[in-house]
Undergrad: 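First the structure, then my questions, so here it is.
Starting from 1, each residue takes its place in the sequence as its number. Atoms within a ligand are numbered from 1 in the order they appear, just like the ligands themselves.
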Amino acid sequence: MAQAPAATLTQNVLREGLILSRTPDPAVMVIFGASGDLTARKLMPALYNLALNRYLPSGFSVIGVADTPLSEDDFRAHMADAVRKFSRTQPVDRAVWQSVAEGLSYVRMPFDDLDGYGRLAAELERMDRERGTNGNRVFYFATAPQFFPVIVERLGASGIARTGAGWKRVVIEKPFGHDLKTAKELNHTIHSVFAEPQVYRIDHYLGKETVQNVLVFRFANGIFEPIWNRRYVDHIQITVAEDIGIERRGKYYESSGALRDIFQNHLLQLLSIAAMEPPPNFDADTVRDEKVKVLKSIHPVDVDNDVVRGQYGPGWVGGQQVPGYRQEQNVSPNSMTETYVAVRLKIDNWRWADTPFYLRTGKRLPSRASEIAIQFKSAPHQPFAKTAIQGMTPNVLVMRIQPHEGASLKIAAKIPGPVMRLRTVNMDFFYGSSFLVESPDAYERLVLDCMLGDPTLFAREDEVERAWGLADTIEDGWAGQPAPDFPNYPAGSWGPEAADALIERDGRRWRRP
Ligand code: BG6
């Protein structure tokens, strides 16, 4: 009998919850930027939690690479601290941590030092010999983005990217380029050493449980997809709201802004997933083909009419007085960088023609809330008295990405009593109460997928370039047009008035999640 094709991890997770039918091959993960924040806050806690849940293969090893003077023991102690501080599960299980720590080593070198790559190669060979990792490698770029090209080039020149048996994969953090031109250059550099199927571009939003759940809601239920279109949907609002400011990242943020930091990646990823056509299967390229089709179908943006930018001034968030953006560390006192952006998009295809998508993101908004809200049209006819339906609102399906992960559907219900009066109520699904398990961190899922060779939840070359093309159109529209009203929203408010006007012109309102 013919064998069924091997299922991808995504298929298995969709079908079986978190039961893995495959474990990754033994491998070495080389983390460039091992003494940095990302490694401590995200990567090492993710690896520890994967080990705790027995998802890591025996022999799995990590080589930290950085130019910080650390002995191997220092590095292990630093990583142990990081796991104690940042792991989502506490307290740390000593035996599990011990098993992870045994596979840790450290190579100190500047990222452009060819001799250093010689030492790294020797260390990799030692791991293969002693830990049975068979030449399988994940090269994880957790450095500042200016080092990405030189690391790729040196991995190629030293032969590490190709030597020996086993697979080689490369994980690249965001920002992937600064605009379309630099993203293309970076893709070109990477492809001079690694083929596209070896490249895993991280957008951590894709690793979030609820983002994947949008796919499940849409494609595993029979009832949503038939109404998921222009005939029944009035519009869609996608929000990534943050109450935090820019923290200590002034230098990076000044050259980025909300458009590059969140719109180009997280918001457009959410849009693609909400708007894509049902893929015939969950193969990485089939899913990504559908997402790219959405990006290709976006109607050209009229920057003057469809986009609003904002910058926060001083204000109050969560009962605390906070400085304005221009008063933050490493920010110019005359900065023109946007900390808020709202965009109205249209998608030119049969499903979505004339259905607006309103996307917004901002720092120092009143609360942290990321969601996709599908606003349905009103019922075509109301047989109830006007007084009975006063204050009623049309149906809304909200996919809450964070916090309070889950979904809710607003529906009309009769208020108990002898009189016919209706009210909008919520049907709620909360991850926490339905599954009674804590969701894994996005990085756990993504690191594991990479080790399993499943790039479904990573951005492909054409996806990233399309998204930059769109962001560039907006940046170009802004260029040479300073924003004289900056700062134009106080910290702790829902953004600039112009953003309200953008949606209210269409007779709609922003949600206040
Ligand atoms: C990052 C951005 O990609 O996402 C940050 O660079 C932002 O500015 C963060 O704060 C938000 O991620 P999350 O998972 O906290 O919503």
Undergrad: Using a cut-off of under 3.5 Å, which N/O atoms of ligand 1 pair up with protein N/O atoms, and what distance separates each pair?
TA:
unit_1, atom_1, unit_2, atom_2, d
ligand 1, 3 (O), K174, NZ, 2.7
ligand 1, 3 (O), H266, NE2, 2.7
ligand 1, 4 (O), H266, NE2, 3.4
ligand 1, 6 (O), K174, NZ, 3.0
ligand 1, 6 (O), R249, NH1, 3.3
ligand 1, 6 (O), R249, NH2, 3.3
ligand 1, 6 (O), D261, OD1, 2.6
ligand 1, 6 (O), D261, OD2, 3.4
ligand 1, 8 (O), R249, NH2, 2.4
ligand 1, 8 (O), D261, OD2, 2.6
ligand 1, 8 (O), K363, NZ, 2.7
ligand 1, 10 (O), E242, OE1, 3.4
ligand 1, 10 (O), E242, OE2, 2.5
ligand 1, 10 (O), K363, NZ, 3.1
ligand 1, 12 (O), H204, NE2, 3.1
ligand 1, 14 (O), H204, NE2, 2.7
ligand 1, 14 (O), K208, NZ, 2.6
ligand 1, 15 (O), R368, NH2, 3.1
ligand 1, 16 (O), Y205, OH, 2.6
ligand 1, 16 (O), Q402, NE2, 2.6

Undergrad: Below 4.0 angstrom, N of the basic side chain to O of the carboxylate: do D449 and R445 qualify?
TA: yes
Undergrad: Is there a donor in the side chain of E338 and an acceptor in the side chain of Y325, or the other way round, less than 3.5 Å apart?
TA: no
Undergrad: Could you name each residue pair satisfying side chain to side chain donor-acceptor pair (under 3.5 Å) that touches residues 298-312, not counting sequence neighbours?
TA: H299-D348, D302-N305, D306-R344, Q311-R326, Y312-E328
Undergrad: Residues two or more places apart in sequence or in another chain: which of them pass side chain to side chain contact (heavy atoms under 4.5 Å, CB included) with E463?
TA: Q269, R288, K291, V292, L295, A459, R460
Undergrad: Closer than 4.0 angstrom, basic N to acidic O: yes or no for E371 and R400?
TA: no
Undergrad: Can you pull the side chain to side chain donor-acceptor pair (under 3.5 Å) pairs that have at least one residue in residues 477-487, sequence neighbours excluded?
TA: D485-N488
